[in-house]
Amino acid sequence: MPSASSTPTDQPSATAAALLQARRDKLAKLHELGIDPWGQRFDNAQPVAVVRERGEGLDQTADDGPTVRVAGRIMLLRNAGRLVFLDLVDRTGRIQIMIGKKQVGPENWPVVSCLDLSDIIGIEGRLGYSNSGEMTIFASSITFLTKSLETPPDKYHGLVDTELRQRMRYLDLIHGEGVRDRFVARSRIIESIRRVLADRGYLEVEGPTLQETAGGAAARPFNTHHNALDIPLVLRIALELHLKRLLVGGMERVFELGRVYRNEGISPRHNPEFTMLEAYEAFGDYNTMMDLTEAVLLAAAEAAGAPETFSWMGHEVSLKPPFPRRRYDDLLAEVTGCDPADPTSVAAAAARHEIETTGRHPDVIKSELFEATVEKTLSGPVFVIDYPASVCPLTKRKANDPTIAERFELYVAGMELANAYTELNDPDLQEELFRTQLDGLPEDESMARMDTDFIKALRHGMPPAGGLGIGIDRLVMFLTQASSIRDVILFPIHRPHGGG
RNA sequence: GCCCCGUUAGCUCAAUUGGUUAGAGCAUCUGACUCUUAAUCAGAGGGUUCUAGGUUCGAGUCCUAGACGGGGCACCA
């Protein structure tokens, strides 16, 4: 039985305690001065960027600049006796403040000795330039807005430790180079996607995240339980099947932009929860969705401020539409030299790449061969079209060839960014495909999970339609040049630290 | 799940082949300074070297196990 006494690691070191005490002493001093260290509403503050713009036109030698009012966090503090310089940062930028003992008067000056790095203050003062030519607000009053009790990271290096950066994202956002910009870009990208879809008459909807059956993708779900109903539930792994029910319901253009959950491995390209866009358009097909994909990507790139052509993970990428469209079998033949129409030839090529072939469905073998050989050659962007039908149980087959599914995947820089189909709307074929378990695929990894409620919906009639899925996190990675998915997710999953 | 690498002060990093009391910058405290720019100058305090074992006269350094993180493989998007 573990000891009930507190472990030594619960005790802060003397350094940590002294750093904290120093700030608590200043907190107490503020109270003594009759100042609320936790501040109040602060009206009419101008964004630093606006103030800076205003300062650009000023005569640098004049001392009659306009009065401005800003609020922000103290990032640097330079104390020169009866004169203090500090760098104040708000959401729009950074500006230098000068506080002089004579200038702010005896009622303000004692407050200055209570200022620490990371405190949040409001400043009113004249905008001008310091002797060394830096744009500066010469403070006439200081308003204390919030005391910071913890020591900030190294003011020059910031927070470098990857783990700390992710667990304490708030610090990373304050101190990390470009971190804030990347998450701003993410927000703008998502905004642009909503705009593109809304402009085309799509409605945004919200499907259930708690489901009885995890359908629409090949992935292991998270299991949970509802107490009042006393039933097991799973978290959704895709948006697809409920959006298609809405097509049946006459919502002819719908999309959902939301979180899905897959109980699988973690890597620089995988987080257990991630954000998906799925969009469905009645009376369209996969060609419709290729056009939509190009529009979404172009708008997203513009929103993120990404150049039209750039290099990412060692690939040169140009987002200029139209993106090339290449048939799956053609690519496979080009790269491997096999005959995609001949299972024996495919199996022989697969064997050369040490892919297990015995007892497995020919299309599973083909699919693995494709992933092992073709994928990494796809710098893209390129639409890979017309997949082997049996690995696509939710996709309409080609009218003249039931072995080919009308599906595309968009590859950019060797990474799969989008996946789309001409949607299967034949309820009898859908039911049959749900019942079919492909040889060599464990049930967990199959999309063939029977959803009788969905089949019933299809029997009521789902219009022919195109459907599209885009992994938003990967899109953001690509457009903000991030090499890890954890750099574009604010709070990626982490194993809890020991000790509970 | 498997393989490789990392973890030293609040933060960023040193520490020779295993050898004195584990060092430095930032941060903190004391003092000086009305134009600084990672301000500077003088002084002070601050460490369970991730954890638990082991080898050794002696371990931050070597060995074993574990924790957490990073990368790769597998799986997937």
Side-chain angles (χ1 to χ4, degrees), chain A residues 7-9 11-26 75-87 94 96-104 109 116-118 128-136 138 149-168 171 175 216-220 237-238 260-278 368 371-372 375 409-411 415-419 441-442 444-445 447 469-475 477 483-486 492 494-499:
Chain A
T7 57
T9 47
Q11 305 300 324
S13 73
T15 312
L19 289 168
L20 183 62
Q21 191 54 49
R23 284 174 181 251
R24 289 214 174 264
D25 289 346
K26 290 172 183 168
M75 296 300 285
L76 289 175
L77 191 60
R78 296 178 288 279
N79 191 328
R82 278 157 287 181
L83 201 58
V84 169
F85 290 90
L86 50 90
D87 284 12
R94 177 184 291 238
Q96 176 169 269
I97 312 290
M98 192 189 91
I99 306 172
K101 185 177 183 182
K102 206 165 72 185
Q103 288 80 355
V104 297
W109 189 244
D116 279 311
L117 287 175
S118 280
Y129 286 82
S130 70
N131 287 355
S132 55
E134 170 142 1
M135 195 188 296
T136 300
F138 298 89
L149 294 175
E150 292 279 350
T151 309
D154 187 290
K155 68 186 179 189
Y156 185 62
H157 299 94
L159 204 56
V160 168
D161 184 271
T162 315
E163 183 181 355
L164 286 179
R165 285 182 47 210
Q166 291 165 19
R167 289 187 195 265
M168 299 203 279
L171 286 183
H175 297 97
R220 300 171 60 191
I237 58 173
V260 298
Y261 307 86
R262 298 190 183 175
N263 207 340
E264 287 169 353
I266 297 166
S267 85
R269 280 164 298 283
H270 301 84
N271 196 61
E273 53 178 314
F274 63 101
T275 303
M276 281 274 294
L277 165 72
E278 289 196 25
E368 291 202 8
E371 283 168 23
E375 272 192 13
E409 292 195 356
L410 175 68
Y411 282 89
M415 189 167 74
E416 185 192 328
L417 212 60
N419 182 15
L441 276 186
D444 274 350
E445 291 169 19
M447 279 196 266
I470 295 180
I472 298 301
D473 310 273
R474 289 182 173 182
L475 176 63
M477 278 173 73
S483 59
S484 169
I485 199 167
R486 294 182 209 106
H494 273 275
R495 200 183 283 272
H497 274 156

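These values consider heavy atoms only, across backbone and side chains, with no hydrogens, waters or symmetry-generated copies. The chains referred to below are lettered A, B, ... by the order of the sequence lines, with proteins before strands, and numbering in each begins at 1.
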Interatomic distance where NE2 belongs to A:H157 and P belongs to B:C13 [whole Å]: 7 Å
Base-pairing assignment for B:U16 (Watson-Crick or G-U wobble, both under 3.5 Å): none
Atom pair distance, as rounded to whole Å: CE in A:M75 and P in B:C11: 17 Å
Side-chain N,O (A:K101) to OP1/OP2 (B:C33) below 4.0 Å: no
Protein-nucleotide distance (A:D473, atom CG; B:A77, atom P), rounded to Å: 14 Å
Sugar-phosphate, base or nothing in reach of A:G471, heavy atoms under 4.0 Å: nothing
Selected nucleotide, minimal atom distance to A:F138 side chain, candidates B:A38, B:G47, B:C35: B:C35
B:G45 and B:G25, which share atom name P, separated by this distance in whole Å: 14 Å
Base B:U7 paired with A:E163 side chain (donor-acceptor, <3.5 Å): no
Within 6.0 Å of CZ in A:R167, more than 12 heavy atoms from elsewhere: yes
Pairing nucleotide - B:G6, Watson-Crick or G-U, each distance under 3.5 Å: B:C68
Minimum-distance nucleotide to A:A16 side chain [options: B:G71, B:G10, B:A77]: B:G10
Shortest side-chain distance from A:D116, nucleotide among B:G47, B:U12, B:U28: B:U28
Which atom of A:G100 lies closest to which atom of A:L83, heavy atoms considered: CA-CD1, 3.7 Å
Watson-Crick or G-U counterpart of B:A74, or none if no pair lies under 3.5 Å: none
Phosphate OP1/OP2 of B:C68: any A:H494 side-chain N/O under 4.0 Å: no
Which nucleotide in B:A38, B:G70, B:A77 has an atom nearest any side-chain atom of A:L76: B:A38
Pair A:Q96-A:R78, side-chain hydrogen bond (donor to acceptor under 3.5 Å, both in side chains): steps then yes or no: CA-CA 10 Å; A:Q96 176 169 269; A:R78 296 178 288 279; 2.7 Å; yes
Shortest side-chain distance from A:Q96, nucleotide among B:U36, B:A77, B:G71: B:U36
Sugar-phosphate only, base, or nothing, as touched by A:E134 at under 4.0 Å among non-hydrogen atoms: base
From CA spacing to verdict: side-chain hydrogen bond (donor to acceptor under 3.5 Å, both in side chains), A:Q166, A:H494: CA-CA 9 Å; A:Q166 291 165 19; A:H494 273 275; 2.6 Å; yes
Separation of the P atoms in B:G70 and B:U12, to the nearest angstrom: 15 Å
Partner nucleotide, any strand, of B:C33 [Watson-Crick/G-U, under 3.5 Å]: none
5' priority, RNA chain B, between A:Y129 and A:L164 [closest heavy atom]: A:L164
Between B:U34 (P) and A:M98 (CE): distance, integer Å: 12 Å
Atom-pair distance (CZ on A:R165; P on B:G70), nearest Å: 11 Å
Pairwise C1' distance for B:G66 and B:C29, with rounding to whole Å: 39 Å
Inter-nucleotide P distance (B:U55, B:A44), Å rounded: 41 Å
Nearest listed nucleotide, side chain of A:Q103, among B:A77, B:U34, B:A27: B:U34
Backbone N/O of A:P492 and side chain of A:R486: donor-acceptor pair under 3.5 Å: no
Whole-Å gap separating P (B:U28) and CG (A:L149): 14 Å
Side chain of A:T151 - closest among B:A38, B:C13, B:A27: B:A27
Span that lies between the P atom of B:A38 and that of B:A52, in whole angstrom: 42 Å
Side-chain N or O of A:K155 closer than 4.0 Å to phosphate OP1/OP2 of B:C11: no
Options B:C13, B:C73, B:C35, nucleotide nearest the side-chain atoms of A:V160: B:C13
Short side-chain N/O contact to B:G69 OP1/OP2 from A:R495, under 4.0 Å: yes
Minimal non-hydrogen separation, A:M98 against A:F85, with atom names: CG-CE2, 3.5 Å
A:A218 versus A:E264, closest heavy-atom pair with distance: O-OE2, 4.1 Å
Rounded distance in Å - CG (A:D161) to C1' (B:G10): 13 Å
Sugar-phosphate, base or nothing in reach of A:G469, heavy atoms under 4.0 Å: nothing
Distance below 4.0 Å between A:R167 side-chain N/O and B:G69 OP1 or OP2: yes
Side-chain ion pair, A:R269 and A:D473, N-O less than 4.0 Å: no
Closest listed nucleotide, where the reference is the side chain of A:L159 and the choices are B:G47, B:C26, B:C11: B:C11
Whole-Å C1' distance, B:A14 and B:G60: 12 Å
Atom-to-atom span, CD1 of A:I266 to P of B:G69 - whole angstrom: 8 Å
Min side-chain heavy-atom separation A:F274-A:R474 under 4.5 Å: no
Under 4.0 angstrom between A:S13 side-chain N/O and B:G10 OP1 or OP2: yes
Base of B:U34 paired with side chain of A:R82 (donor-acceptor, under 3.5 Å): no
Min side-chain heavy-atom separation A:D154-A:H175 under 4.5 Å: no
Between B:A15 and B:G53 - P atom distance, rounded Å: 28 Å
5'-most by nearest nucleotide on RNA chain B - A:A22 or A:E273: A:A22
Donor-acceptor pair present, A:D154 side chain and B:G10 base, under 3.5 Å: no
Euclidean distance for P, B:G58 against B:G71 (whole angstrom): 40 Å
Side-chain N,O (A:R486) to OP1/OP2 (B:G71) below 4.0 Å: yes
Sugar-phosphate only, base, or nothing, as touched by A:N271 at under 4.0 Å among non-hydrogen atoms: base
Sugar-phosphate only, base, or nothing, as touched by A:P152 at under 4.0 Å among non-hydrogen atoms: nothing
Candidates B:C35, B:C33, B:C29 - which lies nearest the side chain of A:N79: B:C33
